[in-house]
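Just so we're clear, the structure is a prediction, and the values are computed from it rather than from any experiment. Values reported hereafter were calculated over all heavy atoms of this structure, with side chains retained and with hydrogens, waters and symmetry mates removed.
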Amino acid sequence: MSLRIIQLSDPHLSGSRPFHQDNWEQVLEALTADPVDLIVVTGDVVLSDPDEEDDHRFAREQLDRLPAPWRVLPGNHDIGDNWVSGAMAKRVDAARLARWQRHFGADRWSLSMDGWLLLGLNAQILNAPGLAAEAEQQAWLRALLDSAAAAAPVALFLHKPLFMDHPGETAMDQSSLELEARRGLMAMLAGRDLRLVASGHKHQWRAFDLDGVRHVWCPSTASINGAPTAKNWGLREVGFVEHRLEGRRTRQRLLGRDWLTRHESYVVSLEHGGPMQAPAQPSSTWGLASGKSP
């Protein structure tokens with residue numbers, strides 16, 4: 001039996017600046033035509049600013065249009081960046097977490113499906129000493145693993161990749177978890193049959209195996225990041241990922257790259273300084289009335 005999961009990531013949605021709404025509409029059409037068991041959205045659901053209330057409201061409206069059961073996780077643009085390795089001026093804090101929970105519910109989740117344990121973790125609060133939410137997530141995960149079937153294969157979903165080149169790297173960059181966060185998370189998962197780590201954030205497609213674990217970077221449905229000359233670890237592409245979990249193995253397929261528009265976010269940043277500084281577009285651009293869903 002095969003469990004079919006679609007991973008969407010980094011849709012960067014906004015009712016006032018719907019720069020990527022064309023791609024979102026096409027993704028909804030494709031998923032409606034080909035139903036799946038579960039949809040997982042791995043963060044950065046809002047356009048850019050974690051304090052933009054209207055974008056959070058609009059993003060929730062868009063997620064409610066998904067044609068299958070779904071779960072969502074926060075990214076750095078949703079609740080602020082990581083305390084230690086983040087690059088954004090706005091870092092995760094209790095107020096931003098509360099905004100997320102008000103609009104989207106829990107910032108972590110678990111599901112047991114077809115013998116698999118699916119874990120969704122808030123990557124933004126890992127290694128944030130003093131932030132109550134970090135301790136709460138750790139306690140939640142320990143209790144969950146203590147009660148879960150020990151032999152169950154595990155699929156882990158989170159916004160940021162665990163690492164860029166290898167798990168022992170010490171270089172610190174906002175692109176992935178820093179060493180302390182990574183080690184703490186993997187220590188809690190030690191002894192578990194971790195089979196899949198699925199992340200977003202980089203707006204790139206990448207899939208590789210290391211020590212029996214498949215690492216998958218889901219590209220953005222919205223845009224590609226960085227100039228063409230920038231260093232890329234994966235494929236600089238838009239799209240989304242189909243995961244098939246079969247027995248104890250996983251298979252992946254990149255979807256949408258041949259029909260989604262390759263919006264170039266760096267062009268907007270060069271011209272306007274960032275997406276929030278770009279001119280607002282009329283809601284009628286994509287058939288949206290006063291920012292409401294079509």
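In this structure, the separation between CD1 on I5 and CH2 on W116 is 8.5 Å, given to the nearest 0.5 Å. In this structure, OG in S2 is found 6.5 Å from CZ in R251, a value given to the nearest 0.5 Å. Atom OG of residue S265 and atom CZ of residue F19 lie 11.0 Å apart, to the nearest 0.5 angstrom. Rounded to the nearest 0.5 Å, atoms CG (L47) and CG (L13) are 8.5 Å apart. Considering CD of E61 and NE2 of H103, their distance stands at 10.0 Å, rounded to 0.5 Å. Once rounded to the nearest 0.5 Å, the distance linking CD of Q7 with SG of C218 reads 4.0 Å.
In summary, D146 and R142 do not engage in a salt bridge, as defined by a charged side-chain N under 4.0 Å from a carboxylate O. Electrostatic pairing of R102 and E53 counts as a salt bridge here, judged by a charged N lying under 4.0 Å from a carboxylate O. The pair K90-D51 meets the salt-bridge criterion, since a charged nitrogen lies less than 4.0 angstrom from a carboxylate oxygen. Residues E178 and R182 are not paired through a salt bridge, judged by the lack of any N-O separation under 4.0 Å between the basic side chain and the carboxylate.
Of all non-hydrogen atoms in S85 and M172, the two that sit nearest each other are CB-CG, 3.5 Å. Here the closest non-hydrogen pair linking M186 and L162 is SD-CD1, 3.9 Å. Counting all heavy atoms, side chain and backbone alike, P153 lies closest to G247 at CG-O, 4.2 Å. Contact detail for A123 and H159: the closest heavy-atom pair is CB-N, 4.1 Å.
Note: the hydrophobic cluster containing V154 also contains L141 (ILVMFWY, side chain heavy atoms under 4.5 Å, direct or indirect links). A continuous path of Ile, Leu, Val, Met, Phe, Trp and Tyr side chains, each step under 4.5 Å between heavy atoms, connects W83 with L97, placing both in one hydrophobic cluster. A continuous path of ILVMFWY side-chain contacts below 4.5 Å connects L260 to L8, so both sit in one hydrophobic cluster. Linking Ile, Leu, Val, Met, Phe, Trp and Tyr whenever their side-chain heavy atoms come within less than 4.5 Å leaves L3 and L31 in two separate clusters. By the criterion of side-chain heavy atoms lying less than 4.5 angstrom apart, applied directly or through intervening Ile, Leu, Val, Met, Phe, Trp or Tyr residues, V267 is not grouped with V238; the two fall into different hydrophobic clusters.
In this structure a side-chain-to-backbone donor-acceptor pair under 3.5 Å is present from R17 to A278. Side chain of R192 to backbone of L145: a donor-acceptor contact under 3.5 angstrom is found. For the pair D54 (side chain) and E52 (backbone), a donor-acceptor distance under 3.5 Å is absent. With hydrogens and angles disregarded, a donor-acceptor distance shorter than 3.5 Å links the side chain of W70 to the backbone of L63. Judged by distance alone, with hydrogens and angles left aside, the side-chain atoms of R99 form a donor-acceptor pair with the main-chain N or O of P50 at under 3.5 Å. Between the side chain of Q137 and the main chain of R108, no donor-acceptor pair closer than 3.5 Å is present. Side-chain atoms of R4 do not come within 3.5 Å of backbone N or O of D37 as any donor-acceptor pair. The backbone N or O of D49 lies less than 3.5 Å from no partner atom in the side chain of D55, so there is not a single donor-acceptor pair. Of the possible polar contacts, none joining the R253 side chain to the V241 backbone as a donor-acceptor pair under 3.5 Å is found. Looking only at distances, a side-chain donor or acceptor of S147 sits under 3.5 Å from a matching main-chain atom of A143.
Checking T221 against N23 by side-chain atom types alone, no donor-acceptor pair falls below 3.5 Å. Residues N76 and H201 have side chains that bring a donor and an acceptor to within less than 3.5 angstrom of each other. Side-chain atoms of S175 and K202 include a donor-acceptor pair closer than 3.5 Å. A donor and an acceptor atom, one from each side chain of H272 and Q277, are nowhere located under 3.5 Å apart.
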(request) Report the C-alpha distance between H263 and D22 in whole Å, list the side-chain angles of each, state the deciding distance to 0.1 Å, and finish with yes or no for side-chain hydrogen bond (donor to acceptor under 3.5 Å, both in side chains). (result) CA-CA 10 Å; H263 294 293; D22 56 341; 3.0 Å; yes

(request) Report the C-alpha distance between W100 and N122 in whole Å, list the side-chain angles of each, state the deciding distance to 0.1 Å, and finish with yes or no for side-chain hydrogen bond (donor to acceptor under 3.5 Å, both in side chains). (result) CA-CA 11 Å; W100 171 271; N122 182 349; over 6 Å; no

(request) Begin with the C-alpha distance, continue with both residues' side-chain angles, and end with the deciding distance and a verdict on side-chain contact (heavy atoms from CB on, under 4.5 Å) for R214 and R195. (result) CA-CA 6 Å; R214 174 71 48 85; R195 294 284 174 150; over 6 Å; no

(request) List the steps and the verdict of side-chain hydrogen bond (donor to acceptor under 3.5 Å, both in side chains) for W259 and Q26. (result) CA-CA 9 Å; W259 44 267; Q26 292 185 81; over 6 Å; no

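Counting heavy atoms from C-beta on, the side chains of R91 and N82 never come closer than 4.5 Å. Using a 4.5 Å cut-off on side-chain heavy atoms (C-beta onward), L126 and L177 make contact. Residues L235 and R206 form no side-chain contact, since every pair of their non-hydrogen atoms from C-beta on lies 4.5 Å or further apart. Proximity of L119 to L111: side-chain heavy atoms (C-beta onward) are nowhere separated by under 4.5 Å. Contact check for V40 versus I6: no side-chain heavy atoms found under the 4.5 Å cut-off. Using a 4.5 Å heavy-atom threshold, the side chains of I39 and P67 count as touching. Side-chain contact between Y266 and I224 is absent, with no heavy atoms from C-beta onward closer than 4.5 Å. With contacts defined as side-chain heavy-atom distances shorter than 4.5 Å, the pair D10/F240 does not qualify.
Taking the salt bridge (charged side-chain N to carboxylate O under 4.0 Å, His left out) definition, one finds that R236 meets it with E264, sequence neighbours left out.
For H203 and H12, the gap between ring centers is short of 6.0 Å. Checked against a 6.0 Å centroid threshold, the rings of F163 and H215 count as neighbours.
By the 30° and 60° cut-offs, the orientation of the rings of W217 relative to W233 is tilted.
Around the CZ atom of R183, the shell of radius 6.0 Å holds no more than 12 heavy atoms that belong to other residues, nucleotides or ligands.
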